[in-house]
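Below is one structure, written out as structure tokens; the observations come after it.
Lettering follows sequence order; numbering is per chain, from 1.
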There are 2 protein chains.
Amino acid sequence: MAKVTIKDVAREAGVSISTVSNALNDVDVLTPETKSHVLKVAKRLNYVPNLNGKLLKSGKTNMLGFFTTSVKGAYFYILVESMARECERLGYGLNVFVTKDKQVIMSNILGGRVDGLVIYEELKIDEHDIASMEKDKIKAVFLDRVIENETMGSVIFDSYVAGYDAAKYLISLGHKKIAYISGVDTMFDSVQRKEGYLAALREHQLEMDQDYILQGYFEEEASYNAVKSFLRMHHDKVPDAFLAGNDLSAIGCIRALKSEGYRVPEDISVMGFDDIEIAQYFTPPLTTVRNQIARQGMLVIDHLVRMIQRKEQGKLQKLSSEIVVRGSCHIKLNRDDSI
Amino acid sequence: MAKVTIKDVAREAGVSISTVSNALNDVDVLTPETKSHVLKVAKRLNYVPNLNGKLLKSGKTNMLGFFTTSVKGAYFYILVESMARECERLGYGLNVFVTKDKQVIMSNILGGRVDGLVIYEELKIDEHDIASMEKDKIKAVFLDRVIENETMGSVIFDSYVAGYDAAKYLISLGHKKIAYISGVDTMFDSVQRKEGYLAALREHQLEMDQDYILQGYFEEEASYNAVKSFLRMHHDKVPDAFLAGNDLSAIGCIRALKSEGYRVPEDISVMGFDDIEIAQYFTPPLTTVRNQIARQGMLVIDHLVRMIQRKEQGKLQKLSSEIVVRGSCHIKLNRDDSI
DNA sequence: TATTGTGCTGAAAACGTTTTTATGTTATTT
DNA sequence: AAATAACATAAAAACGTTTTCAGCACAATA
């Protein structure tokens, strides 16, 4: 690589290195003629500053990093896209690191390649890592973990409220017997959604039959099987509605219901979470709960930049979600129960 | 940021800077005791090497960059995921830059932050940029642009063959009157698909009515409208099959056909391109042509790494695609035309 | 004319590493 | 026992920048 350095430009222009640097960085101390001459030479030589040298000296990268173990799924591309847009607006570059190797991540974080970072968990950044980041005053925002200290914060979805709102919506349609297709019990969001659902039921004094909690593991197939076997075992207590832990579960559920001869939404309402792309194209189009992913991306970058530039403290932000009404739920007019 | 540097470690361990460096980098020249002592001190101080200093000196980053204007859509996450996996296997980190600012991109590329790069076009990297990259011996692989020189190559999908194969498949089902819903005429892939389709028709001496080429712009709505107005204008020559430029167009097409009273696939076959996630969930499930995206990601990284490590030349690789048979096409038994 | 002030530019230090070369010690050979 | 080889460590140079400070013209002041 026959790189042209600042030295070459200096020699070629017949000035010193510092003069070149000043010209390039708009330090207002040079004669207009000197400056324009230097710039002309730099352009002629196709000079591009070496970032490593630059950063080594200045310590600022104007780069934010997003660290994640995966980018699979619509969640990530919406998130990354919105973060990138916000970064651009604020004059930062965004840098996505996809790796499962914690060592790589930590050395990039602490090695000074980015001014701040966004972290999507799963990779077990433990207390010790957090502590050493805190000690070094690393600015970071977490996406699915609650952290709140001097230099680190979180922007998360309030899944409890989401679950609560969803259940409440089904109740408002007149449903009484609402089953839940649970996700993965080790995931925070999954648990929160279920808790929210349970809270809504409790609040309305609806029966909370243990049989009404199925295990769907956030998967279509597992949910299909769970619903199918439930229907066969419990002819006597078919629910009015199913609230599924995510849209895939809802789809599996609907397929199971159809194959057992039920119509959705005429006979039974089904509601999901996430509003995945498929949701609107499915038959029936899925009523679901949508997280404000793009909003999360925007907020996370804003928060990070404020911590960097204005030395603001880290804080916890919770995002509400919105119900997307489509065609998989139906108003239930139930004469005996009406006022 | 109270950063601990190599100097601090040296002082604390009572040895010189170079000894610390050698210990950390496994240069086999130190007494085991010295080495382990230094490592112990380094760990105790929580020392993490500054990457900028490191890179400045060594010139190697062990990082590959992916430069793109957007990551929206399933294509990107499959691609990025597979690139990341391959990078990990080969001992590189992957770094995704999402920006529309060509300046940022060029300065990162030429500024020495990555050892090599993958470029997704749209951002108009012009001949001048390419030339300066070539001069500096930058290693790069392009994803949707044909480049082949000393240090740069491409891995692209052979859309011409894909279009040809798709049309041929429809012909093999017995269809004679095959309409095409065109995409965006300025996009390379779009044009290639259509050319392939036309070639297949020509080869089988099927009629190539200009009216059979509709404009769908790769959009659902536009395709819906195009098909709808076609059907209303040309009752006399309804096609046996539609080949749509992408799956969204196919979906729009099917909706239009249904709303005009045609059944798919019983009356008319419809085929798409891309195999987007929705395709399998749509009713009817879409028969389509799938690109080997994950394969592309793998190949592109391999190629890049071979250019970097083994000084191989850049080359052009074309990826074939595969037909995914689902439920939107039907065998047409046409008595009058059979042998 | 001698002094001070002003405006540009250049020299040199610094950033945190790696790598090359130098130095000093101990072991080996003659 | 002297010369040499082998080894372990230290010192210094280098990577490409930015930045601080010194220096030099020249004009303005006394």
Problem set entry | Atom of B/Glu148, atom of B/Leu316 and distance for their closest heavy-atom approach | OE2-N, 3.4 Å

Base, sugar-phosphate or nothing for [X]? Non-hydrogen atoms, less than 4.0 Å.
X       : answer
A/Ile17 : base
B/Val15 : sugar-phosphate
B/Asn25 : sugar-phosphate

Exercise. Which nucleotide of DNA chain D is the first, and which the last, in the 5' to 3' direction, to come under 4.0 Å of a heavy atom belonging to chain B?
Worked result: D/dA8 to D/dG16

For this session: Using the closest heavy atom to pick a nucleotide of DNA chain D for each, name whichever of B/Lys57 or B/Ser16 lands nearer the 5' end.
Result: B/Ser16

For this session: Please name the residue in the list A/Gln313, A/Lys139, A/Lys137, A/Lys311 that meets the side-chain hydrogen bond (donor to acceptor under 3.5 Å, both in side chains) test with A/Glu150.
Result: A/Gln313

For this session: Would you indicate, yes or no, if C/dC8 has its OP1 or OP2 atom less than 4.0 angstrom from a side-chain nitrogen or oxygen of A/Thr31?
Result: no

Exercise. Between C/dT9 and A/Thr34, is there an OP1 or OP2 to side-chain N/O distance shorter than 4.0 Å?
Worked result: yes

Exercise. Whole-Å distance between C/dG10 C1' and A/Lys7 NZ?
Worked result: 15 Å

Seminar exercise, completed: Between CG of A/Asn22 and P of C/dC8 the distance, given in whole Å, is 12 Å

Exercise. Between the main-chain N or O of A/Val184 and the side-chain N or O of A/Ser190, is there a donor-acceptor pair closer than 3.5 Å?
Worked result: yes

Problem set entry | Pairwise distance NZ(A/Lys54) to CG(A/Asn52) - rounded to 0.5 angstrom | 11.5 Å

Problem set entry | Approximate separation, where rounding is to 0.5 Å, of B/Phe97 CZ and B/Arg113 CZ | 6.0 Å

For this session: For A/Arg44, look at atom CZ and say whether over 12 heavy atoms of other residues, nucleotides or ligands are found less than 6.0 Å away.
Result: yes

Exercise. Relative to the 5' end of DNA chain C, which residue comes earlier, A/Ser58 or A/Ser18, by the nucleotide with the nearest heavy atom?
Worked result: A/Ser18

